[in-house]
Amino acid sequence: MVRAGLTVERLVEGGAELADEIGFEQLTGAALARKFDVRLASLYSHVRNLDDLKSQIALLALRQLADATSHAMAGRAGKEALYALANTHRDYARRHPGRFVAARHPLSSELAAASAGPQLTQLIRAVLHGYAVPEAEQVHAIRFLGGFFMGYITLESASAFAHSTPDADISWLRSLDALDTALTHWPSTSATH
């Protein structure tokens, strides 16, 4: 790549591309410097350090995931919205595996509040409104859905389901049906211990 015009935006996009290729955990400043054919010191005139770069990639990933989710869920409610939410997460992870991992990178409170993370939470809350999950229970339901998405997608990306039948796509659909049932019959606050 050409050195001229190196900007924070180009570094972040290049870092995101590299993370998708080699893995977010394997992303280093040296690897990114090689990608741009610059010295490592040149990177750090645009970002403070590797954690700053990784945080910027996380913000990009959250924004892209929130935009894709918002688009997929538009005009949908209930089970259709749940499927759109789930499938968008899975599709994003398949297209951008490094960025999907980056979206979980720890952010400072200030960065997290300014990120697209709260937008994603609002989109999940919109799904829960379609199921009439009480406000007091929504944080639990959000964690339940997030835990399922992250767990299934992470296992699938590690080829954990590749050596058994039926196909993982069938299990994914059965799991989404189970999530739909769970949200439809979400326990009341009085039923918790």
Side-chain angles (χ1 to χ4, degrees), residues 1 11-36 50-73 76 79-107 111-112 115-117 119-121 123-124 127-128 131 139-184:
M1 294 202 135
L11 285 175
V12 171
E13 187 59 43
E17 290 169 6
L18 192 56
D20 287 339
E21 293 168 20
I22 66 171
F24 186 68
E25 295 89 354
Q26 284 70 41
L27 180 65
T28 64
L32 188 58
R34 280 191 301 275
K35 179 179 176 70
F36 281 96
L50 183 60
D51 187 64
D52 182 34
L53 174 67
K54 287 189 167 190
S55 293
Q56 294 300 320
I57 295 169
L59 294 173
L60 171 69
L62 288 167
R63 187 171 57 253
Q64 289 175 337
L65 184 56
D67 289 348
T69 302
S70 179
H71 178 74
M73 286 178 54
R76 293 183 161 85
K79 189 175 185 177
E80 284 187 12
L82 173 64
Y83 273 56
L85 172 71
N87 287 328
T88 301
H89 278 74
R90 189 178 186 216
D91 293 344
Y92 188 81
R94 286 175 163 178
R95 281 192 324 276
H96 301 295
R99 294 175 213 213
F100 189 72
V101 171
R104 299 189 311 269
H105 182 70
L107 299 172
L111 279 180
S115 77
Q119 181 186 353
L120 279 167
T121 301
L123 290 165
I124 298 171
V127 170
L128 298 178
Y131 285 95
V139 69
H140 307 301
I142 290 168
R143 291 172 180 167
F144 173 67
L145 291 174
F148 168 76
F149 297 159
M150 196 59 54
Y152 196 100
I153 291 167
T154 300
L155 288 170
E156 186 177 36
S157 70
S159 300
F161 307 136
H163 307 293
S164 61
T165 57
D167 187 78
D169 288 341
I170 295 170
S171 296
W172 175 256
L173 293 174
R174 295 290 292 135
S175 297
L176 294 186
D177 285 342
L179 289 176
D180 173 62
T181 300
L183 292 175
T184 300

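For clarity, every value in this text was computed on a predicted model and none was experimentally measured.
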Visitor: Rounded to the nearest 0.5 Å, what separation is found between the CG atom of Leu32 and the CD1 atom of Ile57?
Guide: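 Leu32 CG to Ile57 CD1: 7.0 Å, rounded to 0.5 Å.
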
Visitor: Of all heavy-atom pairs between Ala72 and Ala84, which one has the smallest distance, and what is that distance?
Guide: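 Answer, listing the atom of Ala72 first, then Ala84: O-CB, 3.5 Å.
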
Visitor: Consider side chain to side chain contact (heavy atoms under 4.5 Å, CB included). Of Leu176, Leu179, Val127, which one does Leu85 pass it with?
Guide: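 Result: among Leu176, Leu179, Val127, Val127 is the only option passing the side chain to side chain contact (heavy atoms under 4.5 Å, CB included) with Leu85.
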
Visitor: Taking Asp20 first and then Arg95, would you say they form a salt bridge - that is, a charged N and a carboxylate O separated by under 4.0 Å?
Guide: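 Between Arg95 and Asp20 there is no salt bridge, as every charged N stays at least 4.0 Å from the carboxylate O atoms.
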
Visitor: Nearest heavy-atom pair of Ala93 and Ile153: which atoms, and what distance?
Guide: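 Minimum heavy-atom separation between Ala93 and Ile153: CB-CG2, 3.3 Å.
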
Visitor: Below 4.5 Å, heavy atoms only, C-beta onward: do Tyr83 and Lys79 meet side chain to side chain?
Guide: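 They are in side-chain contact.
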
Visitor: How close do Leu183 and Leu128 get, heavy atom to heavy atom, and via which atoms?
Guide: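 So the two residues come closest at CD2-CD2, 3.7 Å.
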
Visitor: Working to the nearest 0.5 angstrom, can you tell me the gap between Leu27 CG and Glu21 CD?
Guide: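 Going from CG on Leu27 over to CD on Glu21, the span is 10.5 Å.
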
Visitor: Are any non-hydrogen side-chain atoms of Asp51 and Ser55 less than 4.5 angstrom apart?
Guide: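 Touching, per the 4.5 Å side-chain cut-off.
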
Visitor: Examine distances only and state if a side-chain atom of Thr154 and a backbone atom of Gly151 form a donor-acceptor pair shorter than 3.5 Å.
Guide: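 The answer is no, because no donor-acceptor pair under 3.5 Å joins these two groups.
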
Visitor: Taking all non-hydrogen atoms of both residues into account, name the closest pair between Ala81 and Met73 and its distance.
Guide: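 It is O-CG, 3.9 Å.
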
Visitor: Using a 6.0 Å cut-off, check whether atom CZ of Arg174 has over 12 heavy atoms from anything other than its own residue.
Guide: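 Incorrect, the count does not exceed 12.
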
Visitor: Please confirm whether the ring centroid of Tyr92 lies under 6.0 Å from the ring centroid of His96.
Guide: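 So the answer is yes for these two rings.
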
Visitor: Give a yes or no on whether a salt bridge exists between Glu13 and Arg99, defined as a side-chain N under 4.0 angstrom from a carboxylate O.
Guide: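 The answer is yes: the pair qualifies as a salt bridge.
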
Visitor: Just to verify, what does Phe24 make a ring-ring contact (aromatic ring centres under 6.0 Å, His included) with, not counting sequence neighbours?
Guide: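 For Phe24, the residues satisfying ring-ring contact (aromatic ring centres under 6.0 Å, His included) (neighbours in sequence not counted) are His105.
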
Visitor: How long is the span from the CG atom in Leu107 to the CD atom in Gln56, to the nearest 0.5 Å?
Guide: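 Spacing of CG (Leu107) from CD (Gln56) equals 9.0 Å.
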
Visitor: Roughly how far apart are Asp52 CG and Leu11 CG, rounded to 0.5 Å?
Guide: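 Interatomic distance, Asp52 CG to Leu11 CG, rounded to 0.5 Å: 10.5 Å.
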
Visitor: Could you give the distance from OG1 (Thr28) to CG (Leu53), rounded to the nearest 0.5 Å?
Guide: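 Atom-to-atom, Thr28:OG1 and Leu53:CG are 10.0 Å apart.
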
Visitor: Asp169: which residues meet the side chain to side chain contact (heavy atoms under 4.5 Å, CB included) condition with it, sequence neighbours left out?
Guide: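 Expected list: Arg90, Arg94, Glu156, Asp167.
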
Visitor: When rounded to the nearest 0.5 angstrom, what distance separates CG in Leu145 from CG in Leu82?
Guide: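 Here the interatomic distance stands at 6.5 Å.
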
Visitor: Looking only at heavy atoms, what is the nearest atom pair of Ala66 and Ala116, with distance?
Guide: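 Reported closest heavy-atom pair: CB-CB, 3.8 Å.
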
Visitor: Side-chain contact test, heavy atoms from C-beta onward, threshold under 4.5 Å: evaluate it for Arg63 versus Leu60 and give yes or no.
Guide: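 Answer yes - side chains close enough.
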
Visitor: Please collect all ring pair (Phe, Tyr, Trp, His ring centres under 6.0 Å) contacts where either partner lies in residues 162-184, sequence neighbours excluded, each pair once.
Guide: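 Found Phe148-Trp172, Tyr152-Trp172.
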
